[in-house]
Amino acid sequence: MNYAQKGNAVILTDYNSFSIEETLECGQCFRFIKIAEREYIIIAHSKVLSILDKGNEVHFFPCDIDEFESIWINYFDLKRNYREIKEILCERDEVLQKASAYANGIRILNQQSYECLISFIISQNNRIPMIKQVIKNICEFYGEGIGDFNAFPEPEKLVNLSEAELRECKAGFRAKYILDATRKVCDRNGGFLKEVDEADTETARKILMNIKGVGPKVADCVLLFSFGRHEVFPTDVWIKRVVEQLYFSGEQLSIKEIQQFSSEKFGEYAGYAQQYLFHYARSEQIGK
DNA sequence: ATCCAGGATCTCC
DNA sequence: GGAGATCATGGA
């Protein structure tokens, strides 16, 4: 990997396994706008960043080296060797050979944990376009203005809202869950998220599931996409269907059985496997 | 109009 | 501790 400043942009070269389209469109984050083919705007870390993916180089702008190194390298997980991860997964599994080849450029983002938590609470029993809309509403109502957009609000901005006020963001029955999560995050001077961060994964999962409206799937998404726990395997309807179909010839499995399967089969790489499988299942409409 | 969505909860046994 | 209805909202 190499990167250098050029005008108001940082240009990434000499990399592999990174496609901005696959990374953003694979369902792990919600605050991005497609401008054109291979061109996106994302809003994260209270910044608005344009990204132009030319295939052999990627332009990030407006951005300087300091910002790139302090925020975006980690956000896009650019230091990790995904080629090696895919080789390991493909070695033990022919299904993943197909799935990972299908989305060669996915990277697992390191998102801000409060935003990630609220986003995946909203995701339950919901569709991606609606999830994006509700998050956008929350940002426009309560987030700080940054250029033409709004940052995701700090928890302190939401903690004193009423359930009725939050429902105006179209969060529906999830409004009370957002409030409970926000209160716990604000409690003890931000100690909640710190506790999650410092706990082992199993404990962290239990802590997150103390929040009303956070079950195993939402907890695992938060652990994977914002706490760097790459061994979890968020199991939603798509993953359930694709595992049943591609590994168990259509046999019905419980969530617990799927978790068992993933940890035995993929171990510390289960999170990556999950992303490849999810993207594959959704693109090919497997099981529908 | 009826069904359903990156699930979780409550209620029933 | 597992099965089944219910939960807002809006697009198909």
Side-chain angles (χ1 to χ4, degrees), chain A residues 22-32 99 102-103 106-109 111 113 115-138 140-141 161-184 205-227 229-230 232-246 251-260 262 270-288:
Chain A
E22 289 168 2
T23 296
L24 295 179
E25 304 276 8
C26 70
Q28 60 177 322
C29 71
F30 304 100
R31 296 214 71 205
F32 63 89
Y102 204 91
I106 288 181
R107 278 175 185 263
I108 296 187
L109 299 175
Q111 301 181 55
S113 51
E115 173 176 347
C116 189
L117 171 60
I118 300 303
S119 298
F120 280 95
I121 285 174
I122 294 167
S123 80
Q124 66 180 96
N125 197 242
N126 212 344
R127 294 167 208 221
I128 289 180
M130 270 290 294
I131 301 166
K132 291 172 94 169
Q133 186 60 50
V134 175
I135 295 169
K136 188 178 173 203
N137 291 342
I138 291 176
E140 286 179 356
F141 287 4
L161 296 178
S162 67
E163 189 183 327
E165 286 173 307
L166 260 176
R167 276 183 185 253
E168 289 177 27
C169 299
K170 304 302 175 189
F173 64 92
R174 309 166 194 87
K176 55 184 177 294
Y177 301 156
I178 295 172
L179 275 182
D180 189 55
T182 302
R183 285 175 188 142
K184 286 189 165 72
R205 198 168 190 248
K206 285 179 184 159
I207 298 171
L208 286 168
M209 286 173 61
N210 279 331
I211 298 168
K212 215 167 275 177
V214 175
K217 154 61 170 69
V218 171
D220 283 349
C221 283
V222 176
L223 288 172
L224 179 57
F225 300 135
S226 69
F227 285 102
R229 310 304 174 96
H230 299 123
V232 302
F233 194 77
T235 303
D236 65 357
V237 290
W238 287 100
I239 288 296
K240 186 172 183 299
R241 285 193 294 241
V242 75
V243 168
E244 287 169 346
Q245 188 155 330
L246 300 184
E251 184 190 344
Q252 297 276 99
L253 299 178
S254 69
I255 303 287
K256 191 173 282 181
E257 288 169 319
I258 290 178
Q259 294 281 311
Q260 177 90 12
S262 77
Y272 305 101
Q274 192 270 3
Q275 275 311 100
Y276 294 128
L277 288 171
F278 177 74
H279 186 268
Y280 180 57
R282 217 161 55 99
S283 306
E284 291 290 308
Q285 298 288 100
I286 288 176
K288 289 222 77 176

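Within every chain, numbering begins at 1; the chains are lettered A, B, ... in the order of the sequence lines, protein sequences first and strands thereafter.
Under the 3.5 Å distance criterion, the side-chain polar atoms of A:Gln275 are left unmatched by any main-chain donor or acceptor of A:Ile106. At least one donor-acceptor pair under 3.5 Å links the side chain of A:Glu165 to the backbone N or O of A:Ser162. Although no hydrogens or angles enter the test, the distance criterion places a donor-acceptor pair under 3.5 Å between the side chain of A:Gln28 and the main chain of A:Leu109. Of the possible donor and acceptor atoms, one in the side chain of A:Thr235 sits under 3.5 Å from a partner among the backbone N and O of A:Phe233.
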Close N/O contacts between protein and nucleotides 3-6 of chain C (under 3.5 Å):
none

Extract from the structure each pairing of a protein N or O with an N or O of nucleotides 8-11 of chain B at less than 3.5 Å, listing the distance.
| from | atom 1 | to | atom 2 | distance (Å) |
| --- | --- | --- | --- | --- |
| B:dA8 | OP1 | A:Gly215 | N | 3.0 |
| B:dA8 | OP1 | A:Gly215 | O | 3.2 |
| B:dA8 | OP1 | A:Lys217 | N | 3.2 |
| B:dA8 | OP1 | A:Val218 | N | 2.9 |
| B:dA8 | O4' | A:Gln124 | NE2 | 3.0 |
| B:dT9 | OP1 | A:Gly213 | N | 3.0 |

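With centres under 5.5 Å and a plane angle under 30° as the test, the ring of A:Phe120 is not stacked against the base of B:dG6.
Distance noted for atom P between B:dC3 and C:dT6: 13 Å (whole Å). Annotation: B:dT11 and C:dA8 have their P atoms spaced 14 Å apart (nearest Å). With C1' as the reference atom, C:dG10 and B:dT9 are 23 Å apart, rounded to whole Å. Taking the C1' atom of each, C:dA3 and B:dG6 are spaced 22 Å apart, rounded to whole Å.
The minimum heavy-atom distance linking A:Lys240 with A:Ile255 is given by the pair CD-CD1, 4.3 Å.
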Subject >> A:Phe30 vs A:Phe120, ring-ring contact (aromatic ring centres under 6.0 Å, His included): CA-CA, chis, key distance, verdict >> reply: CA-CA 10 Å; A:Phe30 304 100; A:Phe120 280 95; 5.3 Å; yes
**OP:** Report the C-alpha separation of A:Ile211 and A:Val218 in whole Å, then their side-chain angles, then the decisive distance to 0.1 Å, and conclude whether the side chain to side chain contact (heavy atoms under 4.5 Å, CB included) test is met.
**Re:** CA-CA 10 Å; A:Ile211 298 168; A:Val218 171; over 6 Å; no
Subject >> Candidate pair A:Gln252 and A:Glu244, rule side chain to side chain contact (heavy atoms under 4.5 Å, CB included), full reasoning >> reply: CA-CA 6 Å; A:Gln252 297 276 99; A:Glu244 287 169 346; 3.5 Å; yes
Original post:
Is there a side chain to side chain contact (heavy atoms under 4.5 Å, CB included) between A:Lys217 and A:Ser123 once you walk through the steps?
Top reply: CA-CA 10 Å; A:Lys217 154 61 170 69; A:Ser123 80; 4.2 Å; yes
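For a distance-only test at 3.5 Å, the side chain of A:Asn125 qualifies as a donor-acceptor partner of the base of C:dA8.
With no hydrogens or angles considered, no side-chain donor-acceptor pair links A:Gln259 and A:Ser262 at under 3.5 Å.
Counting non-hydrogen atoms under 4.0 angstrom, A:Ile128 reaches the backbone sugars and phosphates but no base.
A heavy-atom distance below 4.0 Å to DNA chain C is reached by these residues of residues 165-174 of chain A, ordered by number: A:Arg167, A:Lys170, A:Gly172, A:Phe173, A:Arg174.
Side-chain contact between A:Phe225 and A:Cys29: absent, with no pair of heavy atoms (C-beta onward) separated by less than 4.5 Å.
Contacts of A:Glu284 classified as side chain to side chain contact (heavy atoms under 4.5 Å, CB included), with partners at least two apart in sequence or in another chain: A:Tyr102, A:Tyr280, A:Ile286.
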Original post:
Please, what dot-bracket string fits DNA chain B when only Watson-Crick and G-U pairs with both distances under 3.5 Å count, crossing ones use [ ] and pairs to another strand use |?
Top reply: .||||.|||||||
Kindly list each side-chain donor-acceptor pair under 3.5 angstrom involving residues 172-182 of chain A, sequence neighbours excluded, with atom names and distances?
| from | atom 1 | to | atom 2 | distance (Å) |
| --- | --- | --- | --- | --- |
| A:Arg174 | NE | A:Ile122 | O | 3.2 |
| A:Arg174 | NE | A:Gln124 | O | 3.0 |
| A:Arg174 | NH1 | A:Ala171 | O | 3.1 |
| A:Arg174 | NH2 | A:Gln124 | O | 3.2 |
| A:Arg174 | NH2 | A:Asn125 | O | 3.0 |
| A:Lys176 | NZ | A:Phe173 | O | 2.9 |
| A:Asp180 | OD1 | A:Lys184 | NZ | 3.1 |
| A:Asp180 | OD2 | A:Lys184 | NZ | 2.9 |
| A:Asp180 | OD2 | A:Lys212 | N | 2.8 |
| A:Thr182 | OG1 | A:Tyr114 | OH | 2.8 |
| A:Thr182 | OG1 | A:Ile178 | O | 2.7 |

